[in-house]
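See below for the structure under consideration.
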There are 2 protein chains.
Amino acid sequence: MSTTPSKFLGGATVIQQRNLVEQVADYLTQAIISQRFAPGERLSEMQLARDLGVSRAPVREAARLLESRGLLVSQPRRGFFVRALDAGELNDVFDLRLCLERHALARLVTVFDAEKERALRRQIDIICNAATGDSDSRKIEEDLAFHRMVIAYADNRRLLKAFDDISHELRLCIALIGKTHADPDSIATSHWALLDALASGDPARCREAIDYHIGVARDYVVKGIGEA
Amino acid sequence: MSTTPSKFLGGATVIQQRNLVEQVADYLTQAIISQRFAPGERLSEMQLARDLGVSRAPVREAARLLESRGLLVSQPRRGFFVRALDAGELNDVFDLRLCLERHALARLVTVFDAEKERALRRQIDIICNAATGDSDSRKIEEDLAFHRMVIAYADNRRLLKAFDDISHELRLCIALIGKTHADPDSIATSHWALLDALASGDPARCREAIDYHIGVARDYVVKGIGEA
DNA sequence: CGATTGCCGACTGTCGACAGCTTGAAACCC
DNA sequence: GGGTTTCAAGCTGTCGACAGTCGGCAATCG
């Protein structure tokens, strides 16, 4: 760190606020999500440490963290490789997402109230606003934030953690197809449908809504992968 | 390593086969599951490194691994602490387990066949045999192995990973209550019921069976925690 | 000309060391 | 005597270094 103090943090805005590990992890995450590192590409600890101006220790720890999040895979004595998702794995991820969100909705619908509805409706507005003009990653984040709110309202920390775990992979999936979201109208409609189902208090309607919602997202991504 | 070469591997049968990280991770896992480290206890990297005769690097990596598995929690600049589960977290874990197993059964029931049935029936026999005489950890492992098979048959790698993730916490839950499984008969009956439901091909029966099965396990553990 | 073996470079796994922070307690003040 | 300040010990975060291993390339052999 003595020679090149955290030059990699995109300028010099925030210097040494948090752990180096977290900073490196953020850097790697961004680099992977934005496809600056190609899927399957080998990452050298040494090279990264040199490029970022830090020692190998924080790089290793950050890489291990990303491995646990499914963004990297490691081979003993060979190092780390950027996760490459095939269509099968992609289906698995969306299937698990469906599993988690169905469960969250089933729990949430029993404790749904006006305040939660307002908050979720506000988040849909944010998504709609972000849909017109903002960057792709921003749209994705706001969309994920909505779903994260739904799961958080289900009031199961462990369930939320499971969602956070696959959310990194979801970002990867979405980034991989390179395209932005579907058209803003359909997104808003789809989320409103989910909200209406919740407001109705009918578990079956909630399930239909989430099945449709995630089905659309999955088909969109799988189709995108097929073309790529 | 120079002073005390891997004395902690319990003898000298297999010397230095795998990474030090994995060996340390196994050691820590065992120590936590067997309650040699008390819940909430602080673990010092330095102390562990000294005790195990290795440097701090592998200890750190192993600890991070266990953290991602939910067996340890870390506080910046303070170190690692053995995860202490309260009744609420415990409920969350079992609720997520229910979520995953329900989903797996719903998928599995559509592709269930005689071969899978035979394999699962064999595993139940192993559980029954282990139930009479073997160590508690053995019983737990065989029980978990059955459920892992069910999920593996559902043919979703990501779902299986999610189960493996919480299985470490399940081991912790079960170890925390200090007692062994419920009586062997009820275990066998409960598993057979699950198998029968699968064989019937009726999704609703599968769901009832798994809800009952996990409900019993959860109540058993929650009650155990309450007493402890 | 293809397969095998030996060598070289590069990199990971592991180690010991140092600086800065955190904590607990002694020393101090009121 | 209670509360505050200062200090020392211990520990984590980070670093640079070394050894063993892996992959690739060239020389060798059939």
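Worth saying up front: this structure is predicted, and the values here are computed from it rather than measured. Side chains are part of it too, since the values below use all heavy atoms of this structure and drop only hydrogens, waters and symmetry mates. So that the names make sense, note that chain A is the first sequence line, chain B the second, and so on, each numbered from 1.
Between the P atom of C:dG13 and the CG atom of B:L52 lies a distance of 19 Å, rounded to the nearest Å.
In this view, A:R36 and A:Y27, A:A31, A:S34 satisfy the side-chain contact (heavy atoms from CB on, under 4.5 Å) rule, not counting sequence neighbours. In this view, B:D113 and B:K116 satisfy the side chain to side chain donor-acceptor pair (under 3.5 Å) rule, not counting sequence neighbours. Shown here are the side-chain contact (heavy atoms from CB on, under 4.5 Å) partners of B:E169, two or more places apart in sequence or in another chain: A:R158, B:R83, B:V93, B:I166. For B:S137, the side-chain contact (heavy atoms from CB on, under 4.5 Å) partners are B:S135, not counting sequence neighbours. In terms of the side-chain contact (heavy atoms from CB on, under 4.5 Å) criterion, residue partners of B:R42 (sequence neighbours excluded) are, by chain and number, B:R78, B:F81. Shown here are the side chain to side chain donor-acceptor pair (under 3.5 Å) partners of B:D165, two or more places apart in sequence or in another chain: there are none.
A rotation axis mapping the C1' atoms of four pairs onto the next four is fitted at both ends of the helix from C:dC1-D:dG30 to C:dC30-D:dG1 over five pairs, and the angle between these axes is 10° to 10 degrees.
Contact detail for A:V221 and A:F94: the closest heavy-atom pair is CG2-CZ, 3.8 Å.
Screening residues 134-154 of chain A for ring-ring contact (aromatic ring centres under 6.0 Å, His included) gives A:F146-A:H191, A:H147-A:H191, A:H147-A:H213 as the qualifying pairs, with residues at least two apart or on separate chains.
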Could you go through nucleotides 9-13 of chain D and list every protein N or O atom that sits under 3.5 Å from one of its N or O atoms, giving the distance for each pair?
unit_1 : atom_1 : unit_2 : atom_2 : d
D:dT12 : OP1    : B:E45  : N      : 3.2
D:dG13 : OP1    : B:R77  : N      : 3.1
D:dG13 : OP2    : B:R60  : NH1    : 2.8
D:dG13 : OP2    : B:R60  : NH2    : 3.1
D:dG13 : N7     : B:R56  : NH2    : 2.8
D:dG13 : O6     : B:R56  : NH1    : 2.9

